[in-house]
Every structure is written in C-alpha cells, then in structure tokens.
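Down below is the structure, laid out as structure tokens.
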Amino acid sequence: MLQKPRGTRDFLPDEMEARRMIEWSMREVARCWGYREVCTPEFEDLELFTMRSGEGIIEEMYVFSDKGGRKLALRPEITASVIRMYINEAKVAPKPLRWCYFADCFRYERPQKGRYRQFWQFGVELIGADTARADAEVIMLAADMLDSSGVTYDLKVGHLSFMKNLLRDLEPQEQRKVMAHLDKKDFDGLKGTLESLDKPDLDKSLIALVECRDLAEAFDIAGTIPEKDRIYQTLETLDAADVKYSLNFGIARGLDYYTGMVFEGFAQNLGAENQILGGGAYRLAHLFGGDDVASCGFAIGFDRVMVSLGEIPDKKDSVVAVVCTNEGRKLALEVARIFRKAGIQSEMDLMDRGLGAQLAHASKSADFAVVIGLREAESGTVTLKNLHSGEQKTLDPRSAVAEVASHGARR
RNA sequence: GCCAGGGUGGGGUAGUUGGUUAUCCUAGAGGACUGUGGAUCCUCCGACCCGGGUUCGAAUCUCGGCCCUGGCCCCA
C-alpha cells in the first residue's frame, strides 16, 4: 500500500475541525490588532532562502529544478517571502504595514514529536516601524495569540545589544561561535573558544548575562548600550499591558539579521521540540535589494500548539438526519432543503435503508431525526425526534427548524 | 546524519523449541426487523511493512530497506 511521505500527516475531519477552530481564534486576534492576511508562493527561487540563511540550509530544504532549469525550493519559512513581497509590491505603501499569514512550510529534517516535514506557521510581520512601541506591540500580539489558543507557555524576551556589546571586538564569525555556546549553555566550550580568541576574561560577564533575569543588572554587566531607553520603554509597555514574560539575554535566535529585541515562547508540556514561537526585530529587506527598512515579527509553530493542546472538546452544532419512507421522500427532500437554508447540517439516507435502519444510523451520527412517512406526507408535517432524550413531537417544518436552532450546540 | 524501541484487517490485539484455514474485541456492510433506533443473535468484509537469505515449510530466525515513536544533532 502507498504510504504518505515521511514527516507528513493526514488529518481526519475531527482533527481538521480542531485545527480550524484554533486557527480562527488566532486569525481573530490578528484582525483585532489590524494585521491583514497576505499569501506568498509555496515555492520560491532557492536564492531567496540562501541569501537569508546561507548555503547550509540547502541540505534542510526541498530543493528542485523546474522544466526551465530554475533552481527552486519549497519555502522553509515565510518571513523571507513576505519581505520579498514587500519589496516587489508594497514598498511605497503607507507605513507601518501590519501583515499576517497562516501557511504551510517544508523542511527536510528528521521527524520527531512536534516536528514534521510539512508544518504550519501562523506569523505576523510589522514593517516600517522602528520604535519601542512597535517592538512591544508585536510581543503583546504574540502573547494575545497564544492566549487565545489556550496553550500554556513561557514567554522569554531578550535583546541582542547586550551580547553584541560584550562581543564588539570579535569578528562576526567569532561572535556566532560564542553565541552558539551560550545558546546551548555550553560554558566549558565557551571558555575554550574564548581562550583561543585571546579573550579569556569575557566568560564571566557572558555567563552572568545569560543567567541574568534583571534588567538593571544586565546593564551593569554589559555596559553602556545605546538602545537602553528603547529597551526600558518596550518593557514598560509590556508591563503596563500585563504581559507575562521573563527576561533572557541569552536568546541568540541563530540569525545575523536580527537586530535588537528578540523573544521566544515555549510550551510547558512538550518534550524536546517545545519552542512554539520565535521572533524579533530584524532588517532583511536590504538583502533582497530593497531599502533598509526595519521590521519586527514572529511565527507560531501551529502544529506544536496543537500537540500541546492535545484533545480539544468539540463544539459542534446540532446535526439533523432526515429519515423517510418512499411515500415521504418528496417532502423529505424539501424539508432537508429548508433545514440547510437555515444553516443546519442535514443528512439523508443514501443506502436504501428502511426506516428502522435509518434511525439506527442517525442515532450514531445525528442529534435530531426528522421522520417523514406517509402520514407526514399527507398532512405536510414532520415528526421531530430528539435522539438524545427520545422525545418526539409533530410539527410543521418551520417550527421544527426553529426547535432545532434553539437547541444550539450538541453535547 | 546518529542512538534506542517498534511495525499483524480501518482502530486495538493474541500468536517463539519455525508446522494445517492466523486469535479475539471494535468499527464498517447486510440480515433476523418495510413507521421508531442504540440491546441481542447470525452472516459478510478485512491483516502478518517491503525485499533478499536460511528451511520441506517463516508473522516467528537472519540481513538490508522503508515507515512509526521518543531522544541526539540541527532548528532559519
């Protein structure tokens, strides 16, 4: 039997309903903050992603050539595409731009819990605002969105300027190496690297910074930082909005183009792959031939949120089974149409079953049965049966619709 | 790419000194039952991940691959 490709998933209706529910709660939050949805191609020129992240990522992408010999890649993330789109289509749009997206991405990695080769991200990008309140807005939005999903998480906020200030004398490549050690809390490796760089005295302050959870203390450790006022303002805004976060100056985010504020979210009940959100302030547009516009954004790992949430109790609307005999079929079709026009899910037998068998099936798949046989066909009424209580009554079709509608969501 | 544990009908399972037609539950279809269902009984449907090897004979032993689960690496 054919299997689905490694690292991909099939979603049955129950799971899709749960996913759509969470997706829509996130969409609703984005809408309320003024972030409008954009969509970019599923695949892009390979170059777009290598320009952003280096040649090394080719190994971790789905790369292919099309019939014209173009080197393309399935998108491994969406930020690069959105910024390319901004340069192509929206450079002169009034700033700031507030955009969001919900889309699938592809990475060629070893699957494990919460990590798939096709996965979905819900993200936002705020383009063209370079202020403390822009940074704060994006974090507040991130928190709002995670809250709306119901996931329990820890939010960590940091700023790259502290570490960059301590490492200002090192070459970019050396900085990256040091930051990699810090990100992993590999302090032994850090000391070795610093000694080989002839900066053995840096380790104390670096380690202190990574462990530091207090802003004033961080400034003491890292020294004079030009962004100081902006950092204070950002955090004051977050505090005023009652955002729950902890400070973490060890967040490196692995990428060069992040410029300042960075933040990450972690689900509390997941294993190795527990990061459900990552973002920060960055400058990327100039890489793709645009202006040097400041941006700030984040992406939520939607699948990990779903894994973290686990089983979600469904809130389905009532389902009606219209069951009938041959004599009642004509009226039954009409009644089903009336229910559907009223927005109520209505199903009829397609298996040539008898009345008893139709009801047996309805009892498993519906909340109400509308029974229509010879008697109803002659009088133009329906028999409405509540399949949970067993109660039934004879009504005209419109009253039956009203009765079901008043019943609301099923158990 | 690395480590560990796995893979038997749609779902869940039994099944080693290798041996007849692979067990049971559930789901699905039909019937007992053509105007009132969920119970019960009966019938049907449907599986040893793939390939090589050992053997008279492999779900079982062996090798390789694929896939799943968790972890490592990575994580834009």
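Treat the numbers as computed from the prediction; the structure is a model and nothing was measured. Each chain gets a letter, A, B and so on, in the order its sequence line appears, and its residues count up from 1. Computation of the quantities below employed the complete heavy-atom set of this structure, encompassing side-chain atoms and omitting hydrogens, waters and symmetry-equivalent molecules.
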When the C1' atoms of B:C45 and B:G28 are considered, how many whole Å apart are they? 8 Å
Just name whichever nucleotide pairs with B:G19, Watson-Crick or G-U, keeping both distances under 3.5 Å, else none. B:C56
Closer than 4.0 Å, any side-chain N/O of A:R107 to the OP1 or OP2 of B:C74? no
Could you tell me how far B:G18 sits from B:C74 if I compare only their P atoms? Round to whole Å. 46 Å
Scanning all shown strands, the Watson-Crick or wobble mate of B:C67 with both distances under 3.5 Å is B:G6
For B:A29, give the paired nucleotide (Watson-Crick: N1-N3 plus N6-O4 or O6-N4; G-U: N1-O2 and O6-N3; both under 3.5 Å), or none. B:U43
When you check the gap from the basic side-chain N to the acidic O, do A:E23 and A:R20 get nearer than 4.0 Å? yes
Please measure how far the C1' atom in B:C42 lies from the corresponding atom in B:G51, and state the result in whole Å. 42 Å
Check each of A:T394, A:T381, A:T383 against A:E376 using the side-chain hydrogen bond (donor to acceptor under 3.5 Å, both in side chains) test, and report the only one that passes. A:T383
Which pair of heavy atoms, one from A:R75 and one from A:P41, lies closest together, and at what distance? NH1-O, 3.2 Å
Residues forming a side chain to side chain contact (heavy atoms under 4.5 Å, CB included) with A:E347, sequence neighbours excluded: A:V319, A:Q345
Residues that A:R329 engages under side chain to side chain donor-acceptor pair (under 3.5 Å), provided they are two or more places apart: A:N326
Could you list the protein-to-nucleotides 64-71 of chain B atom pairs, N/O on both sides, closer than 3.5 Å?
unit_1, atom_1, unit_2, atom_2, d
B:C68, OP1, A:G7, N, 3.2
B:C68, OP2, A:R6, NH1, 2.5
B:U69, O4, A:R110, NH2, 3.1
B:G70, OP2, A:K113, N, 2.9
B:G70, O6, A:R110, NH2, 2.8
B:G71, OP1, A:A272, N, 2.9

Atom P, compared across B:A4 and B:C44: separation rounded to whole Å: 46 Å
Name the pairing partner of B:G1, where a pair is Watson-Crick or G-U wobble with both distances under 3.5 Å, or state none. B:C72
Start with the C-alpha gap between A:D367 and A:V404, add the side-chain angles, then the distance that decides, and say whether side-chain contact (heavy atoms from CB on, under 4.5 Å) holds. CA-CA 9 Å; A:D367 305 285; A:V404 171; over 6 Å; no
With sequence neighbours left out, what residues match A:Y62 under ring pair (Phe, Tyr, Trp, His ring centres under 6.0 Å)? A:Y108
Pairwise P distance for B:C66 and B:G57, with rounding to whole Å: 29 Å
Any salt bridge (Lys or Arg N to Asp or Glu O under 4.0 Å) involving residues 81-102 of chain A? Give me the pairs, sequence neighbours left out, ordered by first then second residue. A:E44-A:R84, A:R98-A:E137
Inter-nucleotide C1' distance (B:U16, B:C48), Å rounded: 15 Å
How would you summarise protein contacts on nucleotides 35-48 of chain B per nucleotide, using B for base, S for sugar-phosphate only and - for none, with heavy-atom distances below 4.0 Å? BBBB----------
Donor on one side chain, acceptor on other, A:E391 and A:N386, under 3.5 Å: no
How would you label the contact of A:R353 with the nucleic acid (heavy atoms, under 4.0 Å): base, sugar-phosphate, or nothing? sugar-phosphate
